[in-house]
Amino acid sequence: MFRRLARSIREYRTSALLTPLYMIGEVAMEVLIPTLMALIIDRGVYMNDTAYIVKMSVLIVLAAMLSMMFGILGASSGSKASCGFAKNLRHDLFHHIQDFSFSNIDSFSTSSLITRLTTDVQNVQQAFQMIIRICFRAPIMFIFAIIMVIRNGGTLVAIFAVAIPVLAIACVWFIKRVFPIFNRIFRHYDKLNRVVNENLTGIRTVKAYVREEQEEEKFFEASGNIRNDFVLAQKMMVMINPLVQAVAYACLLAICYFGARLISGGAMGTGELMSVFTYTMQILMSLIMIAMIVVQLSMSRAAAQRIIEVLDTKPEMDLNENGKKDVQDGSVSFSHVDFSYSPSGNPLVLHDINLEIKSGETVGILGSTGSGKSSLISLIARLYDVTSGAVAVGGRNVRDYDIVSLRDAVSVVLQKNTLFSGTVRSNLLWGNENATDDELWWALNSANADFIKDLDAHVEQGGNNFSGGQKQRLCIARALVKKPKVLIFDDSTSAVDTRTDHEIRTALRNDVKDCTKIIIAQRVNSVMDADKIVIMKNGRIEDVGRHEELLERNTIYQDLVRVQLGGKENG
């Protein structure tokens, strides 16, 4: 797991490697000081050797200054390495997510991905800094202090042979019980982010239905679950500190008892016993730090696994970067296409779809909700891949194209219109970043977006300063800026009035003649002048024909015309 995450260290590897070296230097100086103090007492004070006291005092000051210098360098280097590691890890996650297919994204909730990019990365960052600093400092201090106890205290080191296993058993017990709690906490974070995201994006709906109180209850429930699990984890964590303190005081009492006997027998000096007391505290402090490491790593282990789950998820769609770049024309062909959103292939959303669309044709698609209209058009731009069969654009299987070239040639205006904070110009340039102002105005005029008077007009997040119909027209304009060979409207004029819808269709018919236009609509008026109309039902194509042909033979179409147009054949 660590090796997988370590790939994100990259240019900060030097800082990451230097930090443990600085920690070793800091610990070495800290461990040296008690021995120098013991020498001052046993050889300087007792023998009344002032020169020796001064000499050792200078060495102590020098050791303290070196320890401080190594500590500062270690903290600076560790911070640089951990912050850089977190930056790279976020980049790697975000970059990898950009290659996800729609089906990959469907397998992770948006709130979960946000948690993994923020909270999880932060926890892993803290763990990484702890690993390169405390994970080296604590064990090295423990080893150095044990060596010095053996050197100065001799047999007193046997006291730790009892203390250390007790703490080790406690840590193992703690890990086994706390790790599942932290795993559950991160799932609660996902839910909390989902609640917040839904509330903020749908705040107008919340207020329109006066559901603030219910939304607050959902938030408090999600937040309360996090609080309850953290409290439970903290209750287990606080049990370690009393245990460590009990072991520490037991060790000190044992050292006092056995040390006094060694001094009275002449086997140990007073200064040596004092140094053993200091080393004992250093040993116990290192054990406390190791306990802290256990806590942080337990929390970070769950976060790291969630991050790796994203990094190790392979995009289900082969982007085929070496594929064909040139899309010859806007012809579209479906050949015995089956499609399912499930990896298992069941249930099928589309069944044995066969459809031929000539380049430059205007095709309307009608059908009840859930009939498979949106699923059908999502296969043309490879937003999803077919389960079986083949979809071709420009006479070539869509899998054979470089995905960027294909999606530049196939422009989709989705049902859910998304505008980004910035300006009208910055949103339109998503279609073609090199488009001129004249091309932007042409696209706006073709989309009947005459409400735009300034390309630099401000667009709020989500386009909330525009009405639903205005957002739809801006999204249509953005798609037109690409000048695609295939232009797909997924019910993207549903929020505009009938007259505006007619004006948009007229403009598209006159301004983008060579482009294949596929229109999913709920209104017969929107498609009745199409070259062909596709009727869908339960994931199958029921019928294909012109308005007049379907009016004569297809009962579904007849019902739609009767309900919407009152039996009129023209609208």
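Everything quoted here is computed from the prediction, not taken from an experiment.
Under the 4.0 Å criterion applied to side-chain N and carboxylate O atoms, Lys218 and Glu215 are assigned as salt-bridge partners. Ionic pairing of Lys87 and Glu11 is present here: one or more N-O contacts between side-chain nitrogen and carboxylate oxygen are shorter than 4.0 angstrom. A salt bridge between Asp491 and Lys373 is absent, with no side-chain N of the basic residue lying under 4.0 Å from a carboxylate O of the acidic one. The pair Lys358-Asp329 does not count as a salt bridge, with every side-chain nitrogen at least 4.0 angstrom from each carboxylate oxygen. Salt-bridge annotation for Asp229 and Arg187: absent, with no side-chain N of the basic residue lying under 4.0 Å from a carboxylate O of the acidic one.
The distance from atom CG of Leu350 to atom CE of Met536, rounded to the nearest 0.5 Å, is 5.5 Å. One finds the CZ atom of Arg116 at 13.5 Å from the CG atom of Asn123 (value rounded to the nearest 0.5 Å).
Using a distance-only test at 3.5 Å, with no hydrogens or angles considered, a donor-acceptor pair links the side chain of Asp454 to the main chain of Asp456. Judged purely by atom type and a 3.5 angstrom limit, Thr423 uses its side chain to pair as donor or acceptor with the backbone of Ser426. Not a single donor-acceptor pair under 3.5 Å links the side chain of Gln129 to the backbone N or O of Gln125. No donor-acceptor distance shorter than 3.5 angstrom exists from the side chain of Arg473 to the backbone of Ala449, with no hydrogens or angles considered.
Using a 4.5 Å cut-off on side-chain heavy atoms (C-beta onward), Leu508 and Leu480 make contact.
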